[in-house]
Amino acid sequence: MVTRFAPNPNGPLHIGHVRAALLSHEYARMYGGKFILRFEDTNPANAVLEMYDLIRRDLRWLGIEWDEEHMQSDRLEIYYRYAEGLISSGKAYVCTCDAPSFRRLRDRGEPCPCRELPADEQIGRWRGMLGGEFGEEKAVVRIKTDLRHPNPAVRDWPALRVVTSPHPRVGERYRVWPLYNFSVAIDDHEMGVTHVIRGKEHLVNEMRQRTLFEHLGWTPPEALQYGRLTMAGAMLSKTQTIRGVREGKFLGYDDPRLATIAALRRRGFSPEAVRQVILDLGLTPVDAALSWETLYAYNRRLIDAKANRYFFVASPVELLVRGVPSIEEVRLRLHPSYPERGERVLPLLREGDVLTAYLAGEDASHLEVGTIFRLKDLMNVELRSKGPPLEGDFRGLELMDVPKLQWVSAGGVEVEVLMPDASLVRGLAEPAVAGLGIGEVVQFERFGFVRVDSLRPRIAVVYGHR
RNA sequence: GCCCCGGUGGUGUAGGCCGGUCAAUCAUGCAGGCCUCUCGAGCCUGCGACGCGGGUUCAAAUCCCGCCCGGGGCACCA
């Protein structure tokens with residue numbers, strides 16, 4: 001079994017694209033076959049150099065390794081050889097009709113004037129295409145098919161065309177470029193691909209490709225298709241993503257508003273969670289609606305055990321507590337279920353019997369004078385005045401059945417959180433957070449899982465989910 | 001308009017090819033409980049589906065027909 005993933009390096013991979021990659025890779029591994037990565041960069045006008053590496057990085061991150069890598073922009077001579085063979089054997093022809101008039105004839109099932117020209121004249125035209133005689137849109141190589149094929153889209157489909165813009169990898173070396181169906185069919189055969197997994201929007205393409213396989217006497221690979229993937233609240237359009245990034249509407253390809261692999265990585269998702277979600281969608285032609293909730297659930301299950309816990313208060317509000325006994329610090333487990341991981345220290349800011357601490361603005365706004373709450377793992381406090389600052393009285397150290405609120409006292413560090421809607425939330429975190437490394441995923445208790453994005457000039461984390 | 005694909009609980013999925021063992025699987029979600037010094041995790045219980053109508057058959061989620069609904073394609077993009 002040989003499978004392949006064939007991305008167009010014109011934009012970043014998102015959760016929809018990697019479905020083909022994960023399924024193809026998974027099947028190849030399951031049956032001890034080969035998995036190929038092939039860049040389909042036959043449109044010089046939209047291939048982007050930096051995307052090759054980004055795509056490789058995204059795939060590796062997902063745990064996908066490929067046994068072979070190809071770039072179609074290195075294979076032009078191969079396509080030319082087949083094109084010439086097809087033309088000289090009368091299975092393809094060079095068409096110089098303009099697109100609308102060809103389409104009119106095609107829709108009626110009639111041949112265009114170019115179709116019946118003799119082979120030597122066709123070859124002459126073909127050489128002319130290669131030699132620069134034809135400008136863009138002046139000539140195209142078409143594969144002959146049954147002109148009465150029920151689907152007009154299949155009739156005499158285009159295989160190669162003239163493109164004069166330079167290619168980011170091979171420059172201006174070529175001016176005739178294959179179109180999708182042509183290069184795919186040739187490559188799938190040449191590379192020995194046995195199973196093709198793709199979205200069902202390719203159903204018509206498969207029909208077109210099959211006509212080429214017939215001309216060449218080849219057996220087409222098994223084709224399996226999956227349905228459309230939609231994700232509420234996620235923009236899954238590559239063109240819009242590219243445009244948005246170019247116009248500065250997004251922070252980059254890893255903007256947390258996007259469902260790109262880069263964005264998921266930045267938000268601290270486990271690649272295994274992405275893998276499982278996608279593989280659980282299976283290989284069915286049914287359209288699927290994935291939700292962020294589902295992705296969060298899969299991820300939470302995987303990272304909950306790994307992520308250490310820290311206190312963080314968003315939009316901090318000062319609290320003064322009177323009558324506090326002389327405690328200097330609190331030591332808490334890094335993870336409640338794994339004492340062996342050790343502890344972190346939360347120092348207290350005290351002057352006499354007055355403790356200064358900070359609560360999350362949201363928590364503070366829900367407190368009423370006279371209510372008792374607990375600074376989690378520390379002490380109970382009865383609110384005496386809403387201030388500002390908030391003022392309260394010490395009400396004992398013993399555990400009480402009252403709301404437990406996270407807090408920060410001495411040595412709090414400022415943290416900036418990039419939220420999924422790209423807004424920024426600022427707050428204070430306990431001092432130990434300053435010692436985290438970039439890339440670490442931790443839980444800010446009762447706030448959510450975050451991934452450390454940068455440490456300078458300030459500590460910045462990216463929000464994953466609750 | 002033309003060509004094609006599909007419709008199982010809120011969501012995803014198993015089953016459909018080879019009709020019975022499907023009063024329908026698993027996960028997520030939601031509700032409740034236990035546990036927990038997090039509104040997180042874990043554990044337990046519960047809720048909830050074969051698009052509609054005909055046909056074939058002793059028997060249909062599964063096969064056939066019609067309808068309805070959803071999606072895709074009809075580029076000298078991939």
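In this text the structure is predicted, and so the values were computed from the model without any measurement. Letters A, B, ... are given to chains in the order of the sequence lines, protein chains preceding strands, and every chain is numbered from 1.
- Of the listed residues (R341(A), Q443(A), E340(A), R309(A)), just one forms a side-chain hydrogen bond (donor to acceptor under 3.5 Å, both in side chains) with H335(A), and that residue is R309(A).
- Under 4.0 angstrom from either OP1 or OP2 of C77(B) there lies at least one side-chain N or O belonging to R161(A).
- Rounded to whole Å, the distance from CD1 on I303(A) to P on G40(B) is 14 Å.
- Taking the P atoms as reference points, A49(B) lies 29 Å from G66(B), given to the whole Å.
- Residue contacts shown for S337(A) are absent, as no nucleic acid heavy atom lies under 4.0 Å away.
- When the salt bridge (charged side-chain N to carboxylate O under 4.0 Å, His left out) test is applied to D53(A), the partners found at least two apart in sequence or on another chain are R56(A).
- Under the 4.0 Å criterion applied to side-chain N and carboxylate O atoms, R38(A) and D188(A) are assigned as salt-bridge partners.
- In this structure, of U28(B), C37(B), C76(B), it is U28(B) that holds the atom nearest to the side chain of R301(A).
- Residues forming a side-chain contact (heavy atoms from CB on, under 4.5 Å) with A314(A) (at least two apart in sequence, or on another chain): F312(A), V425(A), F447(A).
- Of the candidates U8(B), C37(B), G40(B), C37(B) carries the atom nearest the L399(A) side chain, counting heavy atoms from C-beta on.
- Distances shown here put every side-chain N or O of S291(A) at or beyond 4.0 Å from the OP1 or OP2 atom of U28(B).
- Residue pairs meeting the salt bridge (Lys or Arg N to Asp or Glu O under 4.0 Å) criterion with at least one partner in residues 125-145 of chain A, sequence neighbours excluded, are E84(A)-R127(A).
- Nucleotides C30(B) and U11(B), compared at atom C1', are 12 Å apart to the nearest Å.
- Between F35(A) and H25(A), the ring-plane angle classifies as perpendicular under the 30° and 60° cut-offs.
- As rounded to the nearest Å, G15(B) and A23(B) have C1' atoms that lie 16 Å from one another.
- I197(A) places its CD1 atom 22 Å from the P atom of A78(B), with the value rounded to the nearest Å.
- For R103(A), the side-chain contact (heavy atoms from CB on, under 4.5 Å) test picks out A99(A), R106(A), D107(A), with sequence neighbours left out.
- Counting any heavy atom pair closer than 4.0 Å across all strands shown, Q406(A) reaches sugar-phosphate atoms only and no base atom.
- In this structure, the nucleotide among A41(B), C5(B), C77(B) sitting nearest to the side chain of N43(A) is C77(B).
- R426(A) meets the salt bridge (charged side-chain N to carboxylate O under 4.0 Å, His left out) test with E416(A); sequence neighbours excluded.
- Applying the salt bridge (charged side-chain N to carboxylate O under 4.0 Å, His left out) rule to E121(A) yields no partners; only residues at least two apart in sequence or on another chain are considered.
- Residue contacts for D401(A): at a heavy-atom cut-off of 4.0 Å it reaches no nucleic acid atom on any strand shown.
- Atom C1' of nucleotide A41(B) and atom CZ of R300(A) are separated by 9 Å, given to the nearest angstrom.
- Side-chain N/O atoms of E293(A) and base N/O atoms of U11(B) include no donor-acceptor pair closer than 3.5 Å.
- Across all strands shown, T284(A) has heavy atoms under 4.0 Å from sugar-phosphate atoms exclusively, and none from any base.
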When you check every protein heavy atom under 4.0 Å of nucleotides 70-75 of chain B, what one-letter string (B, S, -) results, 5' to 3'?
BSSSSS
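- Comparing C50(B) with U25(B), their P atoms sit 14 Å apart, to the nearest whole Å.
- Side-chain contact, H202(A) with Y180(A): a donor N or O sits under 3.5 Å from an acceptor N or O.
- By the side-chain contact (heavy atoms from CB on, under 4.5 Å) test, H465(A) pairs with F269(A), Y296(A), N299(A), R300(A), I303(A), F449(A), sequence neighbours left out.
- As rounded to whole Å, 19 Å separates atom P of C76(B) from atom OH of Y79(A).
- Residue-level contact check: P100(A) touches neither bases nor backbone, having no heavy atom under 4.0 Å from any strand.
- A gap of 12 Å separates the P atoms of A24(B) and C47(B), to the nearest Å.
- Using P as the reference atom, G71(B) and G12(B) are 13 Å apart when rounded to the nearest Å.
- Picking from G40(B), U13(B), A78(B) the nucleotide with the shortest atom distance to the side chain of Y180(A) gives A78(B).
- Residues meeting the side-chain contact (heavy atoms from CB on, under 4.5 Å) test with R331(A), sequence neighbours left out: E329(A), E343(A), V345(A).
- Spacing between G7(B) and A61(B) at atom C1', rounded to whole Å, works out to 12 Å.
- Side-chain N/O atoms of N181(A) and Q209(A) include a donor and acceptor closer than 3.5 Å.
- Distances were taken from every side-chain heavy atom of N8(A) (C-beta onward) to each of A41(B), U38(B), A78(B); the shortest belongs to A78(B).
- Among residues two or more places apart in sequence or in another chain, the salt bridge (charged side-chain N to carboxylate O under 4.0 Å, His left out) test is passed with E440(A) by none.
- In terms of position along RNA chain B, the nucleotide closest to K376(A) lies nearer the 5' end than the nucleotide closest to the other residue of the pair E40(A) and K376(A).
- For W157(A) and C4(B), the CH2 to P distance is 19 Å, given to the nearest whole Å.
- For the pair G282(A) and P336(A), both in contact range of RNA chain B, the more 5′-proximal nearest nucleotide belongs to G282(A).
- Ring orientation note: the planes of Y174(A) and Y80(A) are nearly perpendicular, at an angle over 60° on the 30°/60° scale.
- Using atom P as the reference point in both G32(B) and G19(B), the two lie 45 Å apart (nearest Å).
- Of all nucleotides listed (U11(B), C4(B), G7(B)), G7(B) comes nearest to the side chain of V286(A).
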Encoded 5' to 3' (Watson-Crick or G-U under 3.5 Å; [ ] crossing; | other strand), RNA chain B becomes (((((((..(((.......[.....)))((((((.......))))))...(((((..]....))))))))))))....
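- Going from atom CD of Q443(A) over to atom C1' of U36(B) covers 13 Å, rounded to whole Å.
- Listed candidates were C5(B), C37(B), A27(B). Nearest to the side chain of Y298(A) is A27(B).
- The nearest whole Å value for the distance from the CD atom in E206(A) to the P atom in C5(B) is 11 Å.
- In this structure, Y338(A) atom OH and G42(B) atom P are separated by 10 Å, rounded to whole Å.
- Distances shorter than 4.0 Å separate none of the side-chain N or O atoms of R309(A) from OP1 or OP2 on U36(B).
- Taken residue by residue, residues 17-26 of chain A places no heavy atom nearer than 4.0 Å to RNA chain B.
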